[in-house]
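Order of the sequence lines fixes the chain letters, A, B, ..., with proteins taken first and strands second; residue numbering starts at 1 for each chain.
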2 protein chains.
Amino acid sequence: MSKMETVAEDLGDPPRDFVGLRSLLMERHQTLPKRLAQVARFAVAHPDEMAFGTAASIAEQASVQPSTLVRFAQTIGYQGFSDLQEIFRARLRDRWPDYEERLESLSHQDRDREGLPGLLDGFAQAGVTSLMRLRDSIDAAQLDKAAALLAAADTIYLLGQRRAFPITAYMAYALGKLGVKSILIDNVGTLGQEQSAFAGKKDALISISFTPYAPATIELTKATAARGVPLVAITDSPFSPLTELADAWFEVVEADFAAFRSLSACFCLAMALSVSIAEKRRGG
Amino acid sequence: MSKMETVAEDLGDPPRDFVGLRSLLMERHQTLPKRLAQVARFAVAHPDEMAFGTAASIAEQASVQPSTLVRFAQTIGYQGFSDLQEIFRARLRDRWPDYEERLESLSHQDRDREGLPGLLDGFAQAGVTSLMRLRDSIDAAQLDKAAALLAAADTIYLLGQRRAFPITAYMAYALGKLGVKSILIDNVGTLGQEQSAFAGKKDALISISFTPYAPATIELTKATAARGVPLVAITDSPFSPLTELADAWFEVVEADFAAFRSLSACFCLAMALSVSIAEKRRGG
DNA sequence: CCAAAAGGAGAATAAAAATTCTAGAAAAAA
DNA sequence: TTTTTTCTAGAATTTTTATTCTCCTTTTGG
């Protein structure tokens with residue numbers, strides 16, 4: 001009897017299409033037991049795997065037992081795993097036809113679409129362009145030199161204001177996760193001077209600034225570099241006030257759209273630099 | 001002996017990609033025996049059936065015996081039917097073929113250059129992937145709805161911690177330049193509660209958080225949303241604690257490299273959203 | 001803190017699938 | 001036409017895969 005009830009309460013409406021299934025999972029995933037919720041998350045995050053994999057391969061990737069997949073499928077109301085999998089396969093089947101179209105709209109610049117979606121496409125395009133250019137413009141030796149210089153530093157100070165601030169903020173996060181000591185000079189309360197006061201010759205400074213160069217960045221960089229602190233600069237022109245102060249510098253030219261410059265390339269460089277430093281530290 | 005020869009002449013080069021297989025089939029289909037040619041035609045005409053079906057179901061649709069499929073696969077040089085089917089599945093797995101090619105050329109260069117520049121390429125690759133996916137996954141209506149909601153707000157509060165912080169910091173910059181009143185809840189001195197205290201029903205909150213969701217973000221968002229402040233969330237999963245609180249939310253799935261997730265897509269969305277808001281404000 | 005219920009892991013089982021084998025049919029060569 | 005070779009269908013086999021079951025663990029309710 002109790003078994004019957006258990007089954008009965010779970011049955012009812014096994015959605016036959018992917019979107020329905022997806023929203024059902026989103027609804028119920030909080031009320032599901034641990035492992036089943038785990039499967040639900042995996043299913044939503046990796047629908048392709050769900051479509052192609054075998055119960056065993058999917059189970060492994062989702063870190064559960066194959067039997068859990070079956071229980072999962074039955075709990076939501078399907079007959080078994082295979083029945084559930086059919087939904088995911090159907091999704092790929094149905095999606096296929098318009099696939100060619102999508103590709104076309106992707107490669108051709110979308111002149112036909114207008115207004116808001118155009119914005120997203122535009123910024124995406126600018127980002128991709130920036131990243132491609134970055135790959136072509138930065139060479140090994142440059143990155144290597146900068147990374148070596150920074151890896152030798154005791155503490156890495158990070159300075160960037162206005163548009164460049166998000167990048168230094170991110171580097172502070174990344175370097176922290178990588179176990180590299182760094183200090184973010186965020187200039188809160190205009191305390192930049194104090195924040196950078198202890199940077200010495202054994203430390204290093206990463207300064208990031210784009211046109212129009214924020215005065216705070218320039219002044220703090222000058223003051224710090226004058227004390228003999230090694231400087232790595234990321235900027236957008238060889239004529240930037242930072243280049244003459246820098247021991248190593250990168251020119252990053254970003255594409256723009258709607259009067260806003262992408263930051264993709266600069267972020268990319270920041271990440272690569274961070275990881276390079278960590279690798280060198282580990283004796284790489 | 002004759003068996004050996006038969007096998008030998010057929011072996012050689014089983015193509016590992018769909019296009020190669022396709023052209024091979026078109027070449028050889030005239031010289032193949034009747035039933036095998038029949039299978040070849042079917043395979044080219046119904047590649048998705050080949051990907052999904054079982055040997056039995058495909059055999060039925062192609063009007064041959066299941067064993068013929070195995071013979072067919074072996075005749076072209078594959079180990080068996082399953083081996084052949086993998087080609088068809090791979091084709092559906094990696095959509096965006098032209099994009100994959102580009103990436104391939106990208107990763108080829110990885111091999112020539114070594115070490116550090118590989119990092120740069122890797123991050124660039126992850127960024128491009130993320131941006132492509134974003135374009136594919138976000139639709140006009142979604143962006144429009146969120147932008148409308150935010151455009152109607154008096155003040156826009158921005159909340160994001162840890163990895164998401166750079167994005168909110170950038171949005172604060174962008175919205176400022178666009179003449180949209182916004183407040184960045186940076187939680188300096190753990191003053192987040194105070195910073196968000198004055199957000200009311202006529203304002204709006206943009207919350208950004210990725211796994212593992214920073215507790216500060218979640219708590220502040222909950223508290224703020226509970227006061228009836230409209231919420232737009234940007235997160236990485238439908239199961240994020242933010243989605244249930246949000247009036248509109250975006251799922252942004254970023255590619256990663258070297259254990260660091262790209263932020264490109266999220267930045268791109270942030271920029272598009274910012275400009276959309278400004279456009280709507282101007283009566284767009 | 002204990003008891004009862006629900007959930008989960010892993011082995012055991014059942015089902016389904018691919019593959020191989022064999023006998024016979026069709027085609028090609030003599 | 002006969003003989004030989006190649007090809008094919010369908011049954012038999014083996015492998016893979018899904019599912020069920022049992023025992024143990026965790027959680028929940030009193």
Side-chain angles (χ1 to χ4, degrees), chain A residues 1-11 14 25 28-43 49-89, chain B residues 1-11 14 25 28-43 49-89:
Chain A
M1 184 72 183
S2 67
K3 276 181 191 171
M4 289 293 290
E5 276 171 15
T6 308
V7 173
E9 75 174 329
D10 291 325
L11 280 173
L25 291 184
R28 293 201 44 186
H29 124 278
Q30 305 192 59
T31 73
L32 285 172
K34 190 176 153 203
R35 284 283 127 97
L36 298 191
Q38 195 173 325
V39 173
R41 279 195 300 278
F42 182 88
E49 272 312 314
M50 291 293 290
F52 285 111
T54 69
S57 72
I58 294 169
E60 192 187 342
Q61 291 186 64
S63 310
V64 296
Q65 291 287 326
S67 57
T68 306
L69 291 178
V70 178
R71 262 191 308 126
F72 173 75
Q74 292 173 337
T75 302
I76 339 177
Y78 295 92
Q79 227 183 332
F81 170 73
S82 305
D83 192 24
L84 170 69
Q85 192 176 40
E86 195 44 49
I87 310 294
F88 288 90
R89 296 194 161 179
Chain B
M1 184 72 182
S2 67
K3 276 182 192 171
M4 289 293 289
E5 277 169 12
T6 307
V7 175
E9 76 176 326
D10 291 326
L11 279 174
L25 290 185
R28 293 199 46 185
H29 128 277
Q30 306 193 51
T31 74
L32 286 171
K34 190 177 152 201
R35 285 285 128 99
L36 298 192
Q38 194 173 326
V39 173
R41 278 196 303 278
F42 182 86
E49 268 315 311
M50 293 292 290
F52 286 112
T54 71
S57 72
I58 295 169
E60 191 186 342
Q61 291 186 65
S63 310
V64 296
Q65 289 287 324
S67 57
T68 306
L69 291 177
V70 178
R71 265 191 305 125
F72 172 75
Q74 291 172 339
T75 302
I76 338 177
Y78 295 92
Q79 226 183 332
F81 171 73
S82 304
D83 193 24
L84 169 69
Q85 191 176 40
E86 195 43 49
I87 309 294
F88 289 91
R89 296 194 160 178

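With sequence neighbours left out, the salt bridge (Lys or Arg N to Asp or Glu O under 4.0 Å) criterion links A:E60 to no other residue. For A:S67, the side-chain hydrogen bond (donor to acceptor under 3.5 Å, both in side chains) criterion is met by no residue, not counting sequence neighbours. Every side chain to side chain contact (heavy atoms under 4.5 Å, CB included) that A:Q79 has, sequence neighbours left out, goes to A:D83.
Rounding to whole angstrom units, CD of residue A:Q38 and P of C:dG7 are separated by 15 Å. The OH-P distance, from B:Y78 to C:dA18, rounds to 17 Å in whole Å. One interatomic measurement links the two molecules: CZ of B:F72 to P of C:dT20, which rounds to 16 Å at whole-angstrom precision. Atom CG of A:L69 and atom C1' of C:dG10 are 14 Å apart (whole Å).
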Audit row: B:T68, B:Q38, side chain to side chain contact (heavy atoms under 4.5 Å, CB included) steps and yes/no: CA-CA 10 Å; B:T68 306; B:Q38 194 173 326; over 6 Å; no

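Under the 4.5 Å side-chain criterion, counting only non-hydrogen atoms from C-beta, B:L25 is in contact with B:I76.
Here B:Y78 contributes atom OH and B:E86 contributes atom CD; the two are 11.0 Å apart, rounded to the nearest 0.5 Å. Note: A:M50 CE to A:I58 CD1 = 5.0 Å, rounded to the nearest 0.5 Å.
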Taking N or O atoms only and anything under 3.5 Å, show me the protein contacts with nucleotides 14-24 of chain D, one pair per line.
unit_1 : atom_1 : unit_2 : atom_2 : d
D:dA18 : OP1    : A:A55  : N      : 3.1
D:dA18 : OP2    : A:A55  : N      : 2.7
D:dA18 : O3'    : A:S82  : OG     : 3.3
D:dT19 : OP2    : A:F81  : N      : 2.7
D:dT20 : OP2    : A:Q74  : NE2    : 2.8

Can you name the atoms? Protein N/O to nucleotides 25-30 of chain D N/O, anything below 3.5 Å, with the distance.
none

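Residue A:L36 is in sugar-phosphate contact alone, with no base atom involved, counting any heavy-atom pair closer than 4.0 Å across all strands shown.
Counting only residues at least two apart or on different chains, no ring pair (Phe, Tyr, Trp, His ring centres under 6.0 Å) pair has a member in residues 53-76 of chain B.
Between A:Q65 and C:dG10 there is a side-chain N or O to OP1 or OP2 distance below 4.0 Å.
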